[in-house]
Each structure stands twice: as C-alpha cells, then as structure tokens.
Amino acid sequence: MERDIKKIVSEMTLEEKAGMCSGQDFWHLKSVERLGIPAVMVSDGPHGLRKQPDTGDHLGIGESIVAVCFPAACAVASSFDTELINEMGKTLGEECQAEDLSVLLGPAVNIKRSPLCGRNFEYLSEDPYLAGKMAAAYINGVQSWDVGTSMKHYAANNQEFRRMSCSSNLSERAFREIYLPAFETAVKEAQPKTIMCSYNKINGVYASENRHLLTEILRDEWGYEGYVMTDWGAVADRVKGIVAGLDLEMPGSGGFNDAKIVAAVKDGSLDEALLDQAVERILKVVFSYVDNRHPEAVFDRDVDHEKATAIETECAVLLENNGILPLKADAKVAYIGEYASKPRYQGGGSSHINSSKVSSALESAKTKNRTVSYVKGFPFDKDEENEEELQAAVQAAKEAEVAVIFAGLPDVIESEGYDRKDMRLPACQNKLIEAVAAVQPNTVVVLHNGSPVEVPWADKVAAILEMYLGGQGVGEATDRLLYGEVNPSGRLAETFPLKLEDNPSYLNFPGDGLNVDYAEGVYVGYRYYDTKKMPVRWAFGHGLSYTTYEYGNLKMPGETLTDEGCVKVTVDVKNTGNVAGKEVVQLYVSDKNGTAGRPVKELKGFAKVALGPGETKTVEFTLCARDLSFYHEGLGDWYAPSGTYGVLVGCASDEVALEGTLSFETKKSLPLHIDGSTTVGQLLENPVAAPIVGEMMQKMQSMLGGDTAETLGSGEEMAEAMAMGMPLKSLASFAGPEAAAKIEQMMGTLNQMLGN
C-alpha cells in the first residue's frame with residue numbers, strides 16, 4: 001500500500017506534528033488515530049529482544065519478556081564473518097515481527113578507544129572498517145524482515161563516565177578516519193531505518209543539536225534517508241535539535257518539549273517546514289513497518305537458542321595452544337571456577353536479556369558423559385578468596401590429566417553506566433590460576449569477559465580460549481570447541497595490550513568529566529601499537545586454529561590505480577593440516593610515500609574462508625582510491641598522494657604473510673596559499689607551482705652565492721634538505737634585493753594561478 005506521507009502531514013495540526021516528534025512512553029511512538037497513525041513499539045537490543053512493558057526503565061533493571069540472548073558484539077565481531085552476523089540479524093528481525101516490535105535498538109558501533117569503556121562488550125571493534133562491514137551486514141539482516149534498526153551511538157561516545165554531558169574533543173581528521181567510518185559504511189551499504197544520536201557533546205556541541213553531524217555529514221554527504229532519534233533523555237535544546245536534524249525525542253518529556261516546538265513555530269523562530277520534514281521521516285519508517293507485517297513470523301526460542309550456540313562457536317578465539325587442545329574424548333579433566341556452572345554470557349545495562357535458557361560447560365560435559373570433575377574454586381560474581389576452595393582446586397588439578405579453569409569478569413565490573421577501573425581479573429582468579437598451573441602443566445583457561453584483560457600467567461598455561469560474552473549457548477559452544485567438535489575460527493577484533501598503561505588513550509581517558517581530549521588522534525588500537533612497534537599480548541586479528549594455513553600467489557594488475565578506478569587483489573589460501581577449518585584472511589594497506597601522520601597499516605579487507613584438509617581457495621579483494629586515503633582537513637576531503645602503497649595480506653596485524661606494491665596517481669591537488677612561510681619543498685610538491693619553482697631552484701646557487709652555501713652546510717644531502725625546508729622569506733633575505741623582488745613577484749603569480 002502506497003502512503004501519501006506529505007498529505008498525511010498536511011492534515012496534522014501543529015500540536016500533532018510536534019507530538020509526533022517525541023515518544024508516548026518509554027517504548028512507543030505516539031499515534032494519531034484520526035489519520036490512521038498507530039503507536040508502534042521499539043525495543044532495546046542489539047543481541048536479543050529486551051521487550052518491556054510500557055513502564056520500562058531502559059536501564060536493564062526491570063523485567064522483560066523471555067527471549068534469546070545471542071553473543072554480544074564483542075564476540076560476534078570476532079567471527080570476522082559478515083554472513084554469520086547477517087543471519088543473526090535475520091533471526092532477530094523475525095523475532096521482532098513475531099513480537100510486534102517496529103525497531104530494534106542496535107547495532108552499537110562506537111570504536112573501542114580504551115579497554116576500560118564499560119560498554120565495550122556491546123561495541124564491535126577498535127577498527128572502523130571491520131565495525132562498519134559487520135554493522136551493515138547485521139542491519140541488512142534485521143531489516144530484511146521490514147523491521148527497523150537504530151544504529152548507535154552517533155557519535156564519539158567512547159566512554160560511560162559523564163557520557164550524558166562530557167565533550168569529546170577531537171580533530172576532524174580523527175573524527176572522519178576513526179569514529180565516523182563505521183556509521184558511514186553502514187549508512188551507505190544498509191540504510192538503517194533510524195540512527196540514535198549520543199548524549200555527549202562533540203567539540204562543545206551536543207550531538208542532539210549538532211547540525212554538522214546530523215545534517216551536513218549524515219544526510220548531505222552520506223545520503224541518509226531515515227530518521228534520527230535521541231538516546232533516552234539526550235535532548236538539550238529541543239528546537240535547536242529540530243534545526244540541526246534531530247527528528248524524534250525518546251522517551252518524550254510529557255509534552256514539555258513539544259510545547260517548545262509549537263511556541264517556536266508560532267513566534268517564527270522555527271521554520272514549520274523543518275518540523276514537517278522531521279514528521280515525514282518518522283512516518284515513513286513507521287509505515288514501512290505497519291504496511292509490511294509478516295504474519296508467518298515465529299519466535300521459536302528453542303530453535304533460536306541452537307542458532308545462538310552455533311554462532312558462538314564461530315566467534316570464540318583460541319589465543320594460545322601448545323597442542324593440549326582439542327581435548328581427547330576420554331581425557332580425565334577437572335573443571336575449576338564457578339563460570340563452568342554459571343557462565344557469564346552477557347553484559348549489564350539496557351541490552352540485558354531475560355534469557356530463555358542458559359547452557360553451561362559443566363552441564364554440557366555431563367550430558368555427553370565426559371570424564372569431568374568440578375571444583376568451584378572461586379565465585380562467579382565477586383573477588384573473594386577461599387583458601388579451602390583454592391586447595392581443593394589444586395588437588396583436583398593434580399589428580400586430573402587436564403585442568404580447565406573457567407575465569408572471567410563478574411557482572412559488576414562491566415556494565416552500561418560506568419567504566420572499568422583497570423584491566424585486571426579478580427585477584428582470587430589470578431591467584432588460583434597461578435597455583436593450578438604450578439602443579440598441572442596441562443592447564444587451560446577459558447575466559448568470559450567483554451573486553452581485554454591482563455593475563456600475567458599467560459606463559460604458564462597450556463592454552464587460553466577466549467569466549468567473550470557468548471550468549472546463552474556459551475556453555476555448549478565451549479564444550480564443542482574444547483573437544484574439537486568445532487575448529488576455533490574467531491579472530492580478535494581488538495588488541496590485548498600487555499598492560500593498561502600501554503594503551504594510546506591512557507593519559508587522556510576518561511577526561512575530567514567536562515572534557516575528554518582524543519589526543520592520540522588516529523592512533524587507536526593496532527594503528528598505534530604497530531606504528532610504534534610496541535609489543536602486545538595479542539594483536540588485532542590474532543587467533544589460532546586446530547589446523548594450519550599457507551598463503552601464496554598474491555596478484556594485482558600491473559596498471560596504476562587512479563582516483564576513479566579500482567583494482568582487484570587475489571591471494572591463494574591453503575589448509576595445510578588434516579582438520580577442516582576456517583581462516584580469516586586480512587588485507588592491510590600501507591602508505592609508502594613518507595606521508596606524515598599515517599599509521600603503518602590499516603585494515604581494508606577481510607574474508608572468512610572454509611577449507612577442508614589440503615584444500616586451496618582463491619580469495620579476492622577490491623581496493624579503490626578511498627582505501628588508500630586519509631582525511632585531509634585543508635582539502636576537506638579524502639586524499640592519497642601519488643606514489644607507492646603496500647598491500648599486505650596475512651592472518652593478523654602483526655602476522656603479514658605476503659606483501660605487494662601498488663602504484664597510485666591522483667589528479668587531486670592540495671590547497672596551497674603561498675606566503676613568506678611557504679617552503680621550497682611545499683612548492684615542489686604542488687603540480688602547478690613545481691615547474692616555476694624548479695626553474696628558480698636552478699638559479700639557487702648563484703642567488704645564494706658560494707660562501708653562503710658553504711656556511712649553510714656541506715654535502716649534497718644537507719644542501720638539499722636545507723633548500724627543501726627553506727621558507728621563501730628566508731630565501732629572499734639570503735638572495736639579495738633583486739632576487740627578493742623576483743621571489744615576491746613569483747609568490748603573487750603562483751597565488752593567482754592557484755586561485756587564491
């Protein structure tokens with residue numbers, strides 16, 4: 001059914017239009033019955049339905065319907081599998097249709113700037129390329145059921161401390177290269193029905209009234225078509241919000257802000273056309289759901305539980321393994337730690353799911369009649385030492401062939417609303433792991449956490465399996481992975497530093513509560529560690545397997561890449577072991593031109609490939625000019641200088657197997673206003689100025705005079721360096737009045753030629 005949205009809006013009163021721009025309650029938009037506009041419902045996500053009654057809380061405190069908890073974003077991103085997350089999205093979309101939910105609030109794509117952000121478990125990655133591709137796949141999956149998504153939190157919301165008022169202060173370049181691209185990719189490839197703006201300020205302006213963010217970038221540049229809603233309670237000035245491009249206030253203010261909109265239209269300070277535009281955007285999304293209901297949709301919790309379990313097996317990351325894993329079916333194993341019986345599988349806050357069932361590794365082992373004993377060792381919910389439990393764990397480890405310790409972070413440490421204080425596991429857990437490893441060389445640690453932890457015992461244990469927050473099927477998934485029913489194939493979507501102090505944001509996180517300075521710029525995560533050549537515990541992209549892989553035959557066409565074209569990159573990957581597995585092939589690009597301020601490499605492609613024993617497959621990537629580019633603030637656009645770029649292929653940011661080179665030519669020229677401080681080198685880099693300056697450089701020696709040149713330095717290299725760094729004002733003072741006049745004339749000519 002085709003709706004005439006503009007006609008419907010034209011028939012609404014001013015008060016009805018203002019009212020449509022705020023929520024009816026915590027979870028519903030307002031209705032206008034006389035015009036056939038229903039009150040649709042939205043629900044928290046993103047890894048399950050947290051559908052609450054009208055009197056809900058949006059904080060994860062009150063009860064919600066029984067639903068299925070899928071792996072959190074920290075886990076799903078580690079799958080590096082866009083098809084997998086797309087299927088997860090489709091399942092969630094069907095669940096929403098079955099439960100009459102018009103919008104699922106997610107995915108959350110904020111960058112993991114610091115390991116301490118309390119909500120990192122809900123975010124995808126430290127890398128914007130990976131986060132964007134995974135988010136787009138998720139959104140396309142959910143919205144294939146005509147259910148909307150609300151990508152969040154737009155933008156630069158990278159901490160919980162004072163997130164409702166603090167100003168995230170960062171350069172436009174860092175904003176464009178690190179904190180916006182995940183949103184940009186998802187908008188261009190998936191068009192989420194809604195986007196949720198964040199609470200915080202960005203360079204002093206609240207996101208909810210930031211026209212640069214909500215209109216100039218989101219709509220004018222990226223072509224966004226949906227509506228923008230607030231995070232719950234994020235409105236600062238409601239009228240400024242409408243002008244900036246904010247459409248919907250949630251959960252509403254009981255009419256208080258609606259009245260401000262009405263008054264502003266009446267006194268002429270708000271153009272009613274802007275209000276109409278906001279209402280049109282909202283109604284377009286409302287009716288895209290209402291007019292496309294799916295009566296065949298079913299929410300089968302048992303079936304979806306199995307899906308959640310299968311997804312988690314693809315997400316877990318095998319961090320270390322000396323060959324102890326997979327466990328032998330008849331091995332005598334001691335399970336230690338209460339997470340074996342009570343796994344931590346989700347984070348706290350607005351995404352907390354009332355799960356239909358939860359599988360534990362201990363329960364799964366018993367069901368399969370494995371030879372497993374169990375000792376509590378330490379509690380799952382607090383840091384509390386118990387000497388009797390510790391000794392029992394040590395004794396059990398001695399008597400077993402293998403000890404598997406189930407460790408992790410208690411719920412109270414990771415949640416929406418506050419940040420972590422450190423990267424440490426509870427002291428009682430570290431103490432037990434050390435004690436068990438001292439008596440049992442075959443000690444395996446299984447981790448349940450939403451973000452990186454310090455592991456001082458890593459070199460003392462035989463294997464470490466990172467399950468992250470793996471959803472309600474995490475126990476069964478852990479069993480399948482430990483015993484080799486499934487080959488681990490997850491890869492880290494974030495770096496694990498050796499210690500907290502190594503993190504690039506350490507000195508500037510979380511700020512003073514009023515401001516937080518993103519002083520590390522574009523050097524976030526592996527971009528920092530790799531460029532600084534700093535050792536880490538586990539690098540971005542790292543993950544082991546029960547088989548081995550070999551890379552070869554990297555190919556690229558010989559022609560030069562240009563601004564308009566693209567180039568295909570192919571590489572062969574072979575499973576050289578005797579077990580079927582899945583390899584995550586990662587492609588990085590490196591600027592080899594000495595461009596200042598660029599990370600040593602950046603992810604620009606990835607693919608997850610299933611390979612049988614001895615099987616080889618060819619993986620194909622496509623690179624375009626944008627993949628080589630950085631954001632140039634002077635140009636106000638993406639720019640890559642002409643020259644040579646490295647194309648690196650491997651299995652982690654610190655494990656590059658093959659490297660090729662790619663030539664690039666651009667027709668873009670950087671803006672240049674010439675004055676006395678402009679250097680000779682800057683002029684020679686400009687295609688317009690270079691020929692004229694080149695002629696001037698030939699006369700350099702005579703202009704300076706032999707004695708002056710000798711004074712400035714000896715040797716060709718030093719002379720060239722001095723010349724390239726020479727400002728025109730200094731050159732004029734060395735060259736004498738006649739040459740100085742010619743230099744001044746040249747400056748005027750060049751500025752005219754450059755359009756200055």
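Worth saying up front: this structure is predicted, and the values here are computed from it rather than measured.
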R176 vs P181 side-chain heavy atoms within contact, under 4.5 Å: no
Closest non-hydrogen atom pair between Q191 and E225, with its separation: OE1-N, 3.1 Å
Student check: side-chain heavy atoms of K6 and D276 closer than 4.5 Å: no
Validation row: E87, E83 side chains within 4.5 angstrom (heavy atoms): no
Among Q97, M41, K193, side-chain contact (heavy atoms from CB on, under 4.5 Å) partner for Y289: Q97
Whether Y154 and F183 hold their rings parallel, tilted or perpendicular, with breakpoints at 30° and 60°: perpendicular
R301 vs Q472 side-chain heavy atoms within contact, under 4.5 Å: no
Residues which pass ring-ring contact (aromatic ring centres under 6.0 Å, His included) with H212, listed by chain and number, not counting sequence neighbours: none
Side-chain H-bond candidate by donor/acceptor type, T149 with Q143, under 3.5 Å: yes
N86 side chain reached by Y138 side chain, heavy atoms, under 4.5 Å: no
Considering all heavy atoms, the nearest V262-L14 contact: CG1-CD2, 3.7 Å
All ring-ring contact (aromatic ring centres under 6.0 Å, His included) counterparts of F287, not counting sequence neighbours: none
Given R50, K152, R119, the one that forms salt bridge (charged side-chain N to carboxylate O under 4.0 Å, His left out) with E416: R119
S64: side-chain hydrogen bond (donor to acceptor under 3.5 Å, both in side chains) partners, not counting sequence neighbours: none
Polar side-chain atom of T309 near backbone of H305 as donor-acceptor pair, under 3.5 Å: yes
Partners passing ring-ring contact (aromatic ring centres under 6.0 Å, His included) against F175 (at least two apart in sequence or in another chain): none
Sequence neighbours excluded, every pair satisfying salt bridge (Lys or Arg N to Asp or Glu O under 4.0 Å) that has a member inside residues 242-255: R219-D247, R238-E249, D247-R281
Intermediate values then yes/no, side-chain contact (heavy atoms from CB on, under 4.5 Å), T91 and F70: CA-CA 10 Å; T91 300; F70 288 85; 3.7 Å; yes
Carboxylate-amine/guanidinium contact K7 E11, below 4.0 Å: yes
For Y179, all residues meeting ring-ring contact (aromatic ring centres under 6.0 Å, His included), sequence neighbours excluded: Y518
Reported CD-to-OG1 distance for the pair E221 and T215, which is rounded to 0.5 angstrom: 11.5 Å
side-chain contact (heavy atoms from CB on, under 4.5 Å) partner of V243, the single match among L274, L214, D271: L274
Under-4.0 Å salt bridge between K260 and D237: no
Flag side-chain contact, heavy atom, 4.5 Å: V228 against L248: no
Distance-minimising heavy-atom pair for V68 and A308: CG1-CB, 4.2 Å
Derivation of the side-chain contact (heavy atoms from CB on, under 4.5 Å) call for H294 and E94: CA-CA 8 Å; H294 289 259; E94 182 176 9; over 6 Å; no
Separation between CG of D381 and CG of L409, rounded to the nearest 0.5 Å: 13.0 Å
L218 CG to N210 CG distance, which is reported to the nearest 0.5 Å: 11.0 Å
Residues, nucleotides or ligands: over 12 heavy atoms within 6.0 Å of K284 NZ: no
